[in-house]
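Worksheet for the structure shown next.
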There are 2 protein chains.
Amino acid sequence: MTRPRWLDSEEKAAWNAFLEASHRVERRVEHHLREQEGLSHPQYEILVRLADEPEWQLRMTELAESLLTSKSGASYQIGKLEKAGLVYRSSCPGDDRGVFAVLTEEGMAKLRRVAPGHVELVRSSLIDLLSREQLAALTDGLDTVARGLED
Amino acid sequence: MTRPRWLDSEEKAAWNAFLEASHRVERRVEHHLREQEGLSHPQYEILVRLADEPEWQLRMTELAESLLTSKSGASYQIGKLEKAGLVYRSSCPGDDRGVFAVLTEEGMAKLRRVAPGHVELVRSSLIDLLSREQLAALTDGLDTVARGLED
DNA sequence: ACCGGGTTGTTCAAATTCGAACAACCGCTA
DNA sequence: TAGCGGTTGTTCGAATTTGAACAACCCGGT
């Protein structure tokens, strides 16, 4: 067992800033969507993912991977959205195991209604807090991290 | 209702990178601590917070605020750690409402045992993925965000 | 000394998350 | 075409989180 390579003060600062910023932002977004729009953040993200697809649909597994969540978690949330009429499940032609989650018109309408407030919140929680240069540098770092942790 | 100030592509990239990086890192850390050390991330953070205090103790409310979690969440996790013998509750002299969460020797020993592996994971999840310059820029941005969202 | 507003920590129900287990299915190979 | 490893989505129980409700307590002004 080699001696641990402890974090120096800059590295500690980086880690703490990362944890604090991500928790604060997540907390804020979750709270806003919940209170103002009656959606959880995962649910909102599902609507966004589906709306981005040409046919407003995604396989359950693809959806779960896109959300970085478990399959059971995706299944649960799709169930909720289905009850709310924002999404429905559709069988997958050519693969009887498969299930598509499909955005309904009502789901798309909901998303359009909610998006402006959400974008405003994203601005006030991240974008508008930083200069253009800070934002670019932040994106660079975060992207490098995200790419480094893929799979 | 004014027209929403939609995000341009750089802003969208920033937001997506933020969400993806924070989810991937959190997921990785949580998984590692759970599997390798038998602690949840919140629990580990509690041990760290307490160990940082001169007397290894914090009031429940302070602890909750430090963790950016709810009071009930802190209470729950302290209950778990108490059962595990890593922490105990102590009444607060001068304030009968107050409760201190106090780190035990065993808790400190556990933290010392777990810390090296955790630090290695923090390195491989964030620190070592970035150059010194990237890390500094990332810290700057994330700190600005965290400060901007305080309270 | 007493009140009234604020604070502290716990408990509760409800919601959410996860992984394991499972049944059903796919596609390739013998 | 029978079989077999791998995939798909759901269900289950366990763990966790949250806000609301609550009881107990603190304190400054009267």
Side-chain angles (χ1 to χ4, degrees), chain A residues 22-24 26-46 50 57-84 87-102 151, chain B residues 22-24 26-46 50 57-84 87-102 151:
Chain A
S22 56
H23 283 175
R24 285 200 191 279
E26 186 57 54
R27 218 171 155 66
R28 221 169 116 85
V29 169
E30 179 70 33
H31 209 274
H32 171 263
L33 281 171
R34 260 269 139 61
E35 306 292 290
Q36 305 297 314
E37 324 284 12
L39 281 178
S40 67
H41 192 198
Q43 285 167 358
Y44 181 83
E45 290 298 322
I46 288 176
L50 295 180
Q57 59 179 222
L58 272 175
R59 291 285 292 266
M60 293 302 291
T61 295
E62 291 182 283
L63 185 57
E65 284 169 0
S66 165
L67 297 169
L68 301 176
T69 190
S70 61
K71 286 182 300 171
S72 51
S75 194
Y76 173 80
Q77 289 297 353
I78 288 296
K80 292 263 130 182
L81 291 172
E82 201 169 24
K83 268 178 209 150
V87 148
Y88 66 94
R89 277 183 236 246
S90 156
S91 59
C92 173
D95 188 344
D96 286 351
R97 298 166 304 176
V99 171
F100 277 117
V102 191
D151 302 47
Chain B
S22 55
H23 282 175
R24 285 200 190 277
E26 186 58 54
R27 219 170 152 66
R28 223 168 114 85
V29 170
E30 179 71 32
H31 210 274
H32 171 263
L33 282 172
R34 260 267 137 63
E35 306 292 289
Q36 303 298 313
E37 323 285 11
L39 282 177
S40 68
H41 192 198
Q43 286 167 357
Y44 181 83
E45 290 298 320
I46 288 176
L50 295 180
Q57 59 179 224
L58 272 174
R59 289 285 294 267
M60 292 303 292
T61 295
E62 291 182 281
L63 185 57
E65 284 171 359
S66 165
L67 297 169
L68 301 176
T69 189
S70 63
K71 286 181 299 171
S72 51
S75 194
Y76 174 80
Q77 288 297 353
I78 288 296
K80 292 264 131 181
L81 292 172
E82 202 169 22
K83 268 178 208 151
V87 149
Y88 66 94
R89 278 183 236 245
S90 156
S91 59
C92 172
D95 189 342
D96 286 351
R97 298 166 304 176
V99 171
F100 277 116
V102 191
D151 302 42

Check your understanding: Between D:dT16 and B:Lys80, is there an OP1 or OP2 to side-chain N/O distance shorter than 4.0 Å?
Key -> yes

Checking contacts here: which listed nucleotide ([options]) is nearest the side-chain heavy atoms of [X]?
{"X": "A:Gln77", "options": "C:dT10, D:dG9, C:dT17", "answer": "C:dT17"}
{"X": "B:Arg34", "options": "D:dG19, D:dT16, C:dA15", "answer": "D:dT16"}
{"X": "A:Ser70", "options": "D:dT8, C:dG19, C:dT10", "answer": "C:dG19"}
{"X": "A:Arg97", "options": "C:dT10, C:dG9, C:dA24", "answer": "C:dA24"}
{"X": "A:Ser72", "options": "C:dT16, D:dT11, D:dC26", "answer": "D:dT11"}
{"X": "A:Arg27", "options": "D:dT11, C:dT10, D:dT18", "answer": "D:dT18"}
{"X": "A:Val99", "options": "D:dG19, D:dG9, D:dT16", "answer": "D:dG9"}
{"X": "B:Asp95", "options": "C:dC12, D:dC25, D:dG6", "answer": "D:dC25"}

Whole-Å distance separating the [atom1] atom of [X] from the [atom2] atom of [N]:
{"X": "B:Ile78", "N": "C:dT10", "atom1": "CD1", "atom2": "C1'", "value": "13 Å"}
{"X": "B:Tyr76", "N": "D:dA15", "atom1": "OH", "atom2": "C1'", "value": "5 Å"}
{"X": "A:Leu81", "N": "C:dA15", "atom1": "CG", "atom2": "P", "value": "14 Å"}
{"X": "A:Arg59", "N": "D:dT10", "atom1": "CZ", "atom2": "P", "value": "11 Å"}

Study note, to complete from the structure: The residue, A:Glu65 or A:Glu35, whose nearest nucleotide of DNA chain D is more 5′ is A:Glu65

